[in-house]
Amino acid sequence: VNMATEYNAPKVEATFPFIGIVTLFGTALRKGLKRPSLRFIFDGRKIVLSRAPTEKNGVAHPNAGCLYIKYDNQYCGKITQEGSFIASRGALDSTHAAMQFLQVFSIDPTKVGGEYGRKNGACCFCGQGLSDGRSLIKGYGPICADHWELPWGEESEENLTRKEQSDLAPDAPIIEL
């Protein structure tokens with residue numbers, strides 16, 4: 001990789017909004033989470049979204065209110081408070097598919113987060129493994145449902161086993177209780 005070319009690469013702002021993710025993080029903060037983050041494994045690589053610091057050395061941080069995105073343990077850009085994605089200068093073309101995944105997640109975090117949890121057996125909201133029947137069916141647990149204001153407990157488990165089959169991963173098994 002030519003470092004000079006990478007350094008001089010222009011910043012790119014995505015044309016698709018991520019306001020759903022910004023709203024989701026706002027909800028988690030309002031509900032009392034101090035350091036909310038999301039984590040996914042996408043295409044064999046880890047995606048982590050976390051909040052930028054609000055201040056540094058007692059001074060307001062220039063990215064306060066933004067969400068940082070790391071893909072495969074490398075910073076690839078940020079989501080602004082308005083929901084726009086700004087790629088880092090060194091962001092790789094390989095991040096495009098991951099950003100498309102995050103766009104779909106932003107549109108319907110409950111559905112996509114739940115599908116992710118059902119397929120992978122781990123909650124994208126906290127990273128913990130899912131262990132009980134309802135959590136395995138929903139794709140996240142009751143604590144994350146509360147922190148992120150996700151639906152929980154509205155239906156009987158019998159209805160969930162029929163209705164919550166993954167659209168993105170139709171081969172993911174439905175857990176029979």
Side-chain angles (χ1 to χ4, degrees), residues 16-54 65-79 81 83 85 95-177:
F16 40 82
F18 291 96
I19 197 66
I21 293 174
V22 173
T23 302
L24 188 67
F25 269 78
T27 298
L29 289 168
R30 188 173 45 40
K31 294 287 283 187
L33 279 182
K34 292 183 177 157
R35 300 187 71 189
S37 64
L38 297 172
R39 52 200 70 67
F40 304 93
I41 300 295
F42 177 80
D43 204 18
R45 299 178 184 165
K46 191 175 190 179
I47 301 173
V48 177
L49 286 82
S50 60
R51 285 187 58 229
T54 54
C66 292
L67 303 173
Y68 290 155
I69 301 174
K70 284 187 173 184
Y71 182 58
D72 203 20
N73 292 319
Q74 295 195 1
Y75 174 75
C76 66
K78 64 184 175 184
I79 298 174
Q81 293 180 49
F85 173 68
T95 63
H96 185 71
M99 299 315 297
Q100 288 178 323
F101 168 77
L102 290 176
Q103 178 189 16
V104 172
F105 177 81
S106 183
I107 293 167
D108 194 345
T110 301
K111 179 179 179 183
V112 176
E115 290 173 355
Y116 177 86
R118 284 190 296 279
K119 182 175 182 181
N120 294 289
C123 178
C124 71
F125 300 99
C126 69
Q128 298 294 312
L130 302 171
S131 57
D132 76 357
R134 183 175 288 275
S135 297
L136 288 164
I137 292 166
K138 288 297 235 180
Y140 51 83
I143 294 170
C144 287
D146 181 53
H147 286 160
W148 298 86
E149 288 189 357
L150 306 170
W152 183 263
E154 290 81 23
E155 300 183 70
S156 69
E157 290 180 355
E158 300 81 48
N159 288 337
L160 289 171
T161 58
R162 289 188 210 80
K163 291 175 63 178
E164 301 231 348
Q165 174 68 34
S166 172
D167 293 331
L168 294 179
D171 57 335
I174 296 177
I175 308 300
E176 293 295 321
L177 299 176

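This chain uses plain numbering: 1 for the first residue, then up along the sequence. For the numbers below, each heavy atom of this structure counts, side chains included, while hydrogens, waters and symmetry mates do not. Note that this is a predicted model, so its numbers are computed, not measured.
- Among residues two or more places apart in sequence or in another chain, the ring pair (Phe, Tyr, Trp, His ring centres under 6.0 Å) test is passed with Tyr68 by Tyr75.
- With sequence neighbours excluded, the residues that form a side chain to side chain donor-acceptor pair (under 3.5 Å) with Arg30 are Glu149.
- Among residues two or more places apart in sequence or in another chain, the salt bridge (charged side-chain N to carboxylate O under 4.0 Å, His left out) test is passed with Asp146 by Lys31.
- Here the straight-line distance linking atom CZ of Phe85 with atom CE of Met99 works out to 4.0 Å at 0.5 Å rounding.
- Considering all non-hydrogen atoms of both residues, Cys124 and Phe105 come closest at SG-CE1, 4.2 Å.
- Evaluation of the side chain to side chain donor-acceptor pair (under 3.5 Å) rule for Arg39 yields Ser37 as partners, not counting sequence neighbours.
- In this structure a side-chain-to-backbone donor-acceptor pair under 3.5 Å is missing from Tyr140 to Cys126.
- Ala28 is linked by a side chain to side chain contact (heavy atoms under 4.5 Å, CB included) to Leu33, Pro36, Trp148, counting only residues two or more places apart in sequence or in another chain.
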Which pairs would a plain distance check flag for residues 17-27, meaning a side-chain donor or acceptor within less than 3.5 Å of a matching protein atom at least two apart in sequence or in another chain?
residue	atom	partner	partner atom	Å
Thr23	OG1	Ile19	O	2.9
Thr27	OG1	Thr23	O	3.1

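- Atom CG of Asp132 and atom CD1 of Ile137 lie 9.0 Å apart (nearest 0.5 Å).
- Across all their heavy atoms, Pro109 and Ile107 have their closest contact at CD-C, 3.8 Å.
- Applying the salt bridge (charged side-chain N to carboxylate O under 4.0 Å, His left out) criterion to Asp43, with sequence neighbours excluded, gives no partner residue.
- Considering every non-hydrogen atom in both Pro151 and Thr110, the closest pair reads CD-CG2, 3.5 Å.
- For Ile41, the CD1 atom is densely surrounded, since the number of other residues' heavy atoms within 6.0 Å is greater than 12.
- No donor-acceptor pair under 3.5 Å is formed between the side chain of Arg51 and the backbone N or O of Leu67.
- For Ile47, the side chain to side chain contact (heavy atoms under 4.5 Å, CB included) partners are Phe40, Phe42, Leu49, Ile69, Tyr71, Ala98, Phe101, Leu102, not counting sequence neighbours.
- The minimum heavy-atom distance between Gly141 and Trp152, with the atom names listed, is C-CZ3, 3.9 Å.
- Heavy atoms only, all atoms of each residue included: Lys78 and Cys66 are closest at CD-SG, 4.0 Å.
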